[in-house]
Amino acid sequence: MENDLTLPELVFAADAAGLLAGRVMELRLAEGWKRETLAARAGVTTASLKRFERTGKASLELVLKVAGALGRLEDFRKVLEPAEFRTMAELERHAQVARRQRGSR
């Protein structure tokens, strides 16, 4: 029997990296910049930027430099913001974790 539950779309790291790389290329092209132009503005090599755009593989430092050159560095702040609590149970769980001084594993 088929599962009647619909699961939210799962985004794996490779998928997210590919989406991010594609978005960087879209933003670069929207600016009318060659790859060399963005690389120079970001302070990274053209080869590294090309590899990122093609494969999604890059260091966090490269991604942040490129985002800064595109004027989108502020968007990364959202990634690090705490999640909003939907239930009282989530809030209570968060309060318990916040009191811990170290991880449990």
Side-chain angles (χ1 to χ4, degrees):
M1 181 176 178
E2 288 184 39
N3 186 348
D4 293 333
L5 299 175
T6 32
L7 297 175
E9 183 179 338
L10 297 177
V11 178
F12 295 98
D15 296 332
L19 290 171
L20 185 60
R23 186 68 181 129
V24 163
M25 186 165 41
E26 288 173 10
L27 291 168
R28 174 177 63 79
L29 294 173
E31 290 290 336
W33 293 346
K34 293 182 179 180
R35 206 176 267 136
E36 293 81 8
T37 303
L38 177 55
R41 288 174 178 253
V44 301
T45 65
T46 303
S48 294
L49 179 59
K50 181 178 181 179
R51 182 175 49 254
F52 174 54
E53 286 186 350
R54 285 183 332 146
T55 68
K57 294 183 180 182
S59 69
L60 178 58
E61 181 180 11
L62 182 135
V63 172
L64 294 175
K65 285 180 174 183
V66 168
L70 289 167
R72 302 300 293 261
L73 190 57
E74 185 64 26
D75 294 345
F76 282 89
R77 180 183 302 263
K78 296 173 192 167
V79 173
L80 301 174
E81 288 179 355
E84 293 184 19
F85 305 111
R86 294 174 294 205
T87 66
M88 193 62 159
E90 287 179 357
L91 179 60
E92 290 169 351
R93 235 185 343 266
H94 175 74
Q96 289 174 346
V97 171
R99 284 192 289 266
R100 293 183 190 154
Q101 296 298 311
R102 292 185 253 187
S104 60
R105 296 181 210 177

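When all heavy atoms of V44 and L49 are compared, the pair lying nearest together is CG2-CB, 4.5 Å. Contact record, A58 with V63: CB-CG2, 4.0 Å, taken as the closest heavy-atom pair. Taking all atoms of both residues into account, the shortest heavy-atom contact from A21 to F52 is CB-O, 3.1 Å. The shortest non-hydrogen separation linking G56 to A17 is O-CB, 3.4 Å.
Neither F12 nor L20 shares a network with the other; the hydrophobic side chains, linked directly or stepwise wherever heavy atoms of I, L, V, M, F, W or Y lie under 4.5 Å apart, form separate groups for each. In the hydrophobic cluster analysis, where Ile, Leu, Val, Met, Phe, Trp and Tyr join through side-chain heavy atoms closer than 4.5 angstrom, M25 is grouped apart from W33. Clustering ILVMFWY residues whenever any of their side-chain heavy atoms sit less than 4.5 angstrom apart, transitively, puts V66 in the very cluster that holds L27.
With rounding to the nearest 0.5 angstrom, the CG atom of L38 is 5.0 Å from the CG atom of L70. Taking CE from M88 and CZ from R93, the interatomic distance works out to 12.5 Å, rounded to the nearest 0.5 Å. Within the model, atoms OG of S48 and NZ of K57 stand 14.0 Å from one another, a figure rounded to the nearest 0.5 Å.
The environment of CD in E81 is crowded: more than 12 heavy-atom neighbours from other residues, nucleotides or ligands sit within 6.0 Å.
Residue pairs meeting the salt bridge (charged side-chain N to carboxylate O under 4.0 Å, His left out) criterion with at least one member in residues 29-51, sequence neighbours excluded, are R35-E53.
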